[in-house]
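Take a look at the structure below.
Lettering of chains follows the sequences in order, A, B, ..., and the numbering in each one begins at 1.
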Protein chains: 2
Amino acid sequence: MERKEISNAVIKRLPRYHRYLGELMESGVERISSNDLSEKMNVTASQIRQDLNNFGGFGQQGYGYNVEYLYNEIAKILGIDRQNNMIIIGGGNFGQALTNYSNFERRGFMIQALFDVSHERIGKSVRGIRTLDMKDLEEFLSGCHIDIAVLTVPKNSAQEVADRLIACGIKAIWNFAHLDLKVPDDVVVENVHLSESLMQLSYRISEKRDKEGSGQNS
Amino acid sequence: MERKEISNAVIKRLPRYHRYLGELMESGVERISSNDLSEKMNVTASQIRQDLNNFGGFGQQGYGYNVEYLYNEIAKILGIDRQNNMIIIGGGNFGQALTNYSNFERRGFMIQALFDVSHERIGKSVRGIRTLDMKDLEEFLSGCHIDIAVLTVPKNSAQEVADRLIACGIKAIWNFAHLDLKVPDDVVVENVHLSESLMQLSYRISEKRDKEGSGQNS
DNA sequence: TAGATTGTTAATCGATTAACAATC
DNA sequence: TAGATTGTTAATCGATTAACAATC
C-alpha cells in the first residue's frame with residue numbers, strides 16, 4: 001500500500017504544523033483540537049483535518065489531537081526523525097552562513113563537509129567542519145553516505161556541479177543558485193531563490209503604493 | 001482604476017518570467033511566443049498569457065512578445081525599476097551573508113546599514129556598509145527613508161524588533177526568523193523559512209524512500 | 001449517556017488548461 | 001491576404017471549505 005499522491009500545498013504546510021506543535025509542547029499543552037489550532041495558525045480547522053488525514057487518523061473524536069504524539073508523527077512524515085547527512089558546495093557567504101547556523105543540527109541535518117575551489121578556503125574549518133578541495137568531491141562521496149547536497153555556488157557553475165553530484169549518486173539537492181537545475185527524475189531539488197522572494201516583497205510594496213495613489217485620487 | 005486582485009500563485013511566477021526573459025535578452029533573442037517560452041520554462045502557454053494579461057496586453061497577435069519590452073514591463077510590475085533602500089537587522093551569519101551578497105544591488109536593492117547589539121560587531125563595516133548600534137535604530141530611521149527591513153535576528157527577539165521597526169514607519173519586512181510575525185494590515189512581510197524549506201526536501205526524500213521500499217516488496 | 005470533536009463525504013471556490021475569435 | 005499568435009471566454013481540474021455521520 002503506497003501513500004497516495006500528496007499535493008504540494010499540503011507538503012508546504014507540514015513544517016508549519018510541526019513548528020506550532022513544538023511551541024505548544026514547550027508551553028506544556030497536552031492536547032489540542034483542530035479548531036483551537038486553526039485559530040492559532042490562521043487556517044481553517046477543516047484544512048488541518050484534511051491535511052492530516054492524508055497520512056492517517058492521528059486524532060480522537062471528542063478529544064482532539066495529542067500534541068506530542070502528533071508532533072512526532074509529523075516529524076516522521078517529514079523524515080526528520082532520522083539523521084540526514086549534508087555537504088555544502090560553495091564556501092562563500094551563504095555556504096559559510098549555513099555551516100555556522102547550528103540550528104539544522106538540532107533537527108538531525110548534519111553537515112559533514114564543505115567544498116570549495118578557492119585555495120584560501122580549502123583546509124580551513126568552520127565550526128569544526130572541514131573545507132575540502134572541490135577536486136576531491138568524488139573521492140569523498142565514494143567513502144560516505146550523503147543524503148543532501150547544498151548548492152551555494154555561483155549560477156554559472158551550478159549545473160556543472162549538480163551533474164557531478166548526481167553522477168556520484170546524490171539524490172537530493174538544496175539549491176541556492178539562481179537557476180533551474182536540470183536533473184533526472186529520481187533526484188529531488190528544493191530551491192531557495194532569495195532574489196525571487198525579495199522581488200515578491202517588492203511587488204507587494206508597489207502594489208500598496210499603487211492602491212494608495214489611486215485612493216488619493218478618488 | 002485599480003489593479004484587480006492578483007493571486008499569490010501569479011505573483012510567485014513573475015520573478016521567474018523575469019529571469020527567463022533576462023536570459024533570453026542576454027542571448028540576443030528579440031521576440032518570443034508564449035508557446036516557445038512555455039517550453040523553455042515548463043509551464044503552459046495558456047498560463048503565461050493568462051498571467052501576463054492580469055497586468056495588460058504586452059504582446060501582439062501574430063508576433064508574440066518583445067523580449068526586452070516584456071522584461072522591462074515585468075520589472076515595473078515587480079517594482080524593481082526603482083531603488084529600494086534596505087537595512088539589515090542582525091549582523092550574524094545570515095545578516096553578513098546578505099550584506100556581502102552584492103547581487104541585490106544590481107536589482108536596485110541597496111543596503112544602507114546593518115544593525116546589531118553586539119559590541120564586537122558595532123562600528124565595523126561589511127563591504128563598506130556600517131554596522132550600527134541597535135540602540136540607534138529609531139534615530140537612524142527618522143533621518144532617512146528605508147523601504148525594506150531585513151530581519152535576521154534570533155527567533156526570540158524578532159517580534160520585539162519588528163514592533164520597533166513598525167513603530168518607526170517601516171512597511172515591509174523580509175523575515176528570516178523562524179516564526180510568524182504579527183504585524184498591522186498595512187505592513188507586508190515576506191518570509192524565508194529555511195528550515196521549512198529543508199524539511200520539504202527531507203519529506204520528498206523519505207517519500208521516495210517509501211516508494212522504493214514498497215516497490216521492492218511488490 | 002451526552003458532549004465534543006474527529007474523519008470523511010459533498011459543495012464550493014479558485015486556479016489552470018483548452019479553445020477560439022480577434023487581430024497583427 | 002494568409003499565417004501566426006495573442007487576448008479572452010469557457011471548460012476542466014484541483015484545492016479548500018462546509019457539513020455531518022461516526023465515535024470516543
Side-chain angles (χ1 to χ4, degrees), chain A residues 1 3-17 20-21 24 29-74 77 200 203-204 207, chain B residues 1 3-17 20-21 24 29-74 77 200 203-204 207:
Chain A
M1 187 207 67
R3 282 184 187 182
K4 86 170 140 185
E5 204 52 56
I6 306 295
S7 84
N8 212 34
V10 175
I11 298 166
K12 270 195 182 161
R13 285 191 291 266
L14 290 176
R16 191 158 175 263
Y17 291 138
Y20 273 84
L21 288 164
L24 285 169
V29 178
E30 263 186 27
R31 69 190 186 90
I32 194 156
S33 69
S34 58
N35 206 262
D36 288 354
L37 187 58
S38 78
E39 279 169 21
K40 270 191 191 301
M41 296 187 63
N42 245 306
V43 295
T44 62
S46 219
Q47 182 164 75
I48 293 176
R49 294 204 298 276
Q50 287 275 26
D51 283 355
L52 296 178
N53 279 97
N54 281 304
F55 304 99
F58 301 121
Q60 199 168 70
Q61 284 97 331
Y63 171 87
Y65 297 88
N66 178 285
V67 172
E68 192 174 348
Y69 173 71
L70 186 56
Y71 177 84
N72 288 323
E73 286 300 312
I74 293 180
I77 293 165
Q200 284 170 53
Y203 172 85
R204 282 175 217 288
E207 178 186 43
Chain B
M1 187 207 67
R3 283 186 189 180
K4 86 170 140 184
E5 202 54 53
I6 307 295
S7 84
N8 211 35
V10 174
I11 299 167
K12 270 195 181 161
R13 286 191 290 265
L14 290 176
R16 190 157 176 264
Y17 291 137
Y20 273 83
L21 288 163
L24 285 168
V29 177
E30 263 186 29
R31 69 190 185 90
I32 192 154
S33 68
S34 57
N35 206 262
D36 288 355
L37 187 57
S38 78
E39 277 169 22
K40 272 191 190 299
M41 296 187 62
N42 245 305
V43 295
T44 63
S46 220
Q47 181 164 75
I48 293 176
R49 294 203 299 275
Q50 287 275 24
D51 283 353
L52 296 177
N53 278 96
N54 282 303
F55 303 99
F58 301 120
Q60 199 168 71
Q61 284 97 329
Y63 171 87
Y65 298 89
N66 179 287
V67 172
E68 191 173 347
Y69 173 72
L70 186 55
Y71 177 83
N72 288 324
E73 287 300 312
I74 294 180
I77 293 166
Q200 283 170 55
Y203 172 86
R204 283 176 215 286
E207 180 187 42

Exercise. Rounded to the nearest 0.5 Å, what separation is found between the CG atom of B:L21 and the CE atom of B:M41?
Worked result: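 Rounded to the nearest 0.5 Å, the CG-CE separation comes to 7.5 Å.
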- Quick one: which of D:dT5, C:dT8, D:dG7 gets closest to the side chain of B:S33?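 The nucleotide sitting nearest to the side chain is D:dT5.
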Under the rule of Watson-Crick or G-U wobble with both distances under 3.5 Å, where | means paired to another strand and [ ] a crossing pair, DNA chain C maps to ..||||||||||||||||||||||
Report the distance from atom [atom1] of [X] to atom [atom2] of [N], rounded to the nearest whole Å.
| X | N | atom1 | atom2 | value |
| --- | --- | --- | --- | --- |
| A:F55 | C:dG7 | CZ | P | 14 Å |
| A:Y65 | C:dT5 | OH | C1' | 9 Å |
| B:D36 | D:dT6 | CG | P | 9 Å |
| A:R31 | C:dA4 | CZ | P | 11 Å |
| B:I32 | D:dA4 | CD1 | C1' | 15 Å |
| A:E39 | C:dT5 | CD | P | 11 Å |

**Prompt:** Would you call B:L52 and B:I74 a side-chain contact if the rule is heavy atoms closer than 4.5 Å?
**Reply:**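 The answer is yes; the side chains approach within 4.5 Å.
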- Would you say A:Q50 and A:V10 make side-chain contact, with heavy atoms under 4.5 Å?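 Counting from C-beta outward, A:Q50 and A:V10 never come under 4.5 Å.
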* B:S34 vs D:dT5: side-chain N/O to OP1/OP2 distance below 4.0 Å ->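 Looking at the OP1 and OP2 atoms of D:dT5, neither is under 4.0 Å from any side-chain N or O of B:S34.
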Notebook entry, point to check: Okay, side chain of A:R13, backbone of A:Q47: is any donor-acceptor separation there less than 3.5 Å?
Noted result: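 Not a single qualifying donor-acceptor pair exists.
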* Asked: Picking from B:N53, B:L70, B:N66, what satisfies side-chain contact (heavy atoms from CB on, under 4.5 Å) with B:F58?
  ->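 The residue from B:N53, B:L70, B:N66 that satisfies side-chain contact (heavy atoms from CB on, under 4.5 Å) with B:F58 turns out to be B:L70.
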Practice prompt. Check each of A:N54, A:D51, A:I77 against A:L14 using the side-chain contact (heavy atoms from CB on, under 4.5 Å) test, and report the only one that passes.
Written response: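 Of all the options given, the one that passes is A:I77.
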Heavy-atom contacts, protein to nucleotides 14-24 of chain C, under 4.0 Å, summarised as B (base), S (sugar-phosphate only) or - (none) per nt, yield -SSBBB--BBB
Of all the heavy-atom pairs spanning [X] and [Y], show the shortest one and how long it is.
| X | Y | answer |
| --- | --- | --- |
| A:Y63 | A:Y65 | CE2-C, 4.0 Å |
| B:K40 | B:Y20 | O-CE2, 3.9 Å |
| B:A45 | B:S38 | N-CB, 3.3 Å |

